[in-house]
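Everything below concerns the one structure shown next.
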Amino acid sequence: MQTLDYYSIILFVIATCVTPGPNNVMLMSSGANFGIGRTMRHVAGINIGFPLMLIAVGAGAGAIFRQYPRLHDVLQVVGALYLLYLAYQIASAPTVDLNDKSGKPLGFTRAALFQWVNPKAWVMAVGAVLTYTSPVDAYGFQILLIALLFFLFGSPCSMVWVFFGQYLRRFLTHPQRLKAFNITMSLVLVVSLIPVLKSLPFGEWWS
């Protein structure tokens, strides 16, 4: 690939990773509720899990879903249900002392596996593979390079949201404020599902 392509990919990575989506909403919520240190496994799960997912998509997972579109629909439904479950967990989180260490943030494995049911992750992975690769020009190397760029530039973008959540901690020391924040984050997570719901067979209900 030419030098110009590298810059284009980096801009694509930053633009897609720093904008709001399920991952970033949950990172901000985790940063506010658990702090930076305890959220790092969540950050690692996203920024290792997504590049691995992108490699799998480039290696043929995308072709499987093109051949069996119903499988992709099922995966989207599972993802939507899981996001609703996470939204419920965020909204119903107990308003305990923010210094309490008994709560459990999302861990590495769950965060990594979540990428497979994250609708924004699918858009990013498929978009990157289709836009920035050429099947006749070191295709495998291109996929690995794009995955590496997502890891290198996506990780700082994730940390922006964690830091934002951590910054909000000082304003969330009152239980009622923390509860309102968690409910707001859960609603934002549900709103992020609207594009997915519209793409499902019953999506006309949401139009």
Side-chain angles (χ1 to χ4, degrees), residues 10-54 79 82-125 147-196:
I10 291 172
L11 290 175
F12 176 83
V13 170
I14 294 174
T16 54
C17 289
V18 81
T19 49
N23 280 328
N24 290 335
V25 172
M26 289 191 292
L27 285 175
M28 184 171 67
S29 177
S30 183
N33 284 275
F34 304 109
I36 295 174
R38 301 183 68 198
T39 304
M40 291 308 298
R41 287 179 296 176
H42 190 165
V43 173
I46 291 172
N47 291 286
I48 292 176
F50 177 75
L52 291 177
M53 172 190 168
L54 189 146
Y82 185 63
L83 278 171
L84 290 174
Y85 167 72
L86 290 175
Y88 168 76
Q89 282 198 319
I90 292 173
S92 61
T95 54
V96 296
D97 184 353
L98 290 178
N99 293 318
D100 184 17
K101 304 298 183 182
S102 61
K104 293 183 179 180
L106 199 66
F108 175 87
T109 302
R110 288 180 63 192
L113 292 176
F114 171 67
Q115 304 316 303
W116 287 92
V117 294
N118 180 357
K120 183 181 177 183
W122 275 103
V123 172
M124 291 163 58
L148 177 62
L149 292 176
F150 264 103
F151 173 75
L152 293 176
F153 292 92
S155 299
C157 293
S158 297
M159 289 305 302
V160 168
W161 288 83
V162 179
F163 281 121
F164 185 40
Q166 170 71 20
Y167 175 77
L168 290 176
R169 281 172 69 89
R170 69 184 67 183
F171 303 105
L172 301 176
T173 52
H174 193 284
Q176 290 183 346
R177 293 178 185 173
L178 181 59
K179 185 66 175 179
F181 172 80
N182 287 336
I183 292 175
T184 300
M185 289 300 97
S186 69
L187 292 175
V188 171
L189 197 56
V190 171
V191 169
S192 73
L193 278 174
I194 292 177
V196 181

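The structure places CH2 of Trp161 at 9.5 Å from CG of Leu27, a figure rounded to the nearest 0.5 Å. Note: Asn33 CG to Met28 CE = 10.5 Å, rounded to the nearest 0.5 Å. Separating the CG atom in Leu54 from the CG atom in Leu148 is a distance of 11.5 Å, to the nearest 0.5 Å. Note: Asn23 CG to Cys17 SG = 8.5 Å, rounded to the nearest 0.5 Å. Here the OG atom belonging to Ser155 is positioned 8.0 Å from the CD1 atom belonging to Ile48, to the nearest 0.5 angstrom.
By the ring pair (Phe, Tyr, Trp, His ring centres under 6.0 Å) test, Phe153 pairs with no residue at all, sequence neighbours left out. Phe151 is linked by a ring pair (Phe, Tyr, Trp, His ring centres under 6.0 Å) to nothing, counting only residues two or more places apart in sequence or in another chain. Under the side chain to side chain contact (heavy atoms under 4.5 Å, CB included) criterion, Met159 pairs with Ile36, Met40, Val43, Val162, Phe163, sequence neighbours left out. Applying the side chain to side chain contact (heavy atoms under 4.5 Å, CB included) criterion to Ala121, with sequence neighbours excluded, gives Phe50, Met53, Gln115, Asn118.
Among all heavy-atom pairs drawn from Lys120 and Thr16, the shortest one is NZ-O, 2.7 Å. Residues Phe34 and Pro105 share a closest heavy-atom pair of CD1-CB, 3.5 Å. Annotation for Pro51 and Phe150: closest pair CG-CB, 4.4 Å, computed over non-hydrogen atoms.
Remark: side-chain polar atoms of Trp122 are paired, donor with acceptor, to backbone N or O of Trp116 under 3.5 angstrom.
Residues Phe12 and Leu149 form no side-chain contact, since every pair of their non-hydrogen atoms from C-beta on lies 4.5 Å or further apart.
For residues 39-54, the side-chain hydrogen bond (donor to acceptor under 3.5 Å, both in side chains) pairs, not counting sequence neighbours, are Ser30-Thr39, Asn47-Ser158.
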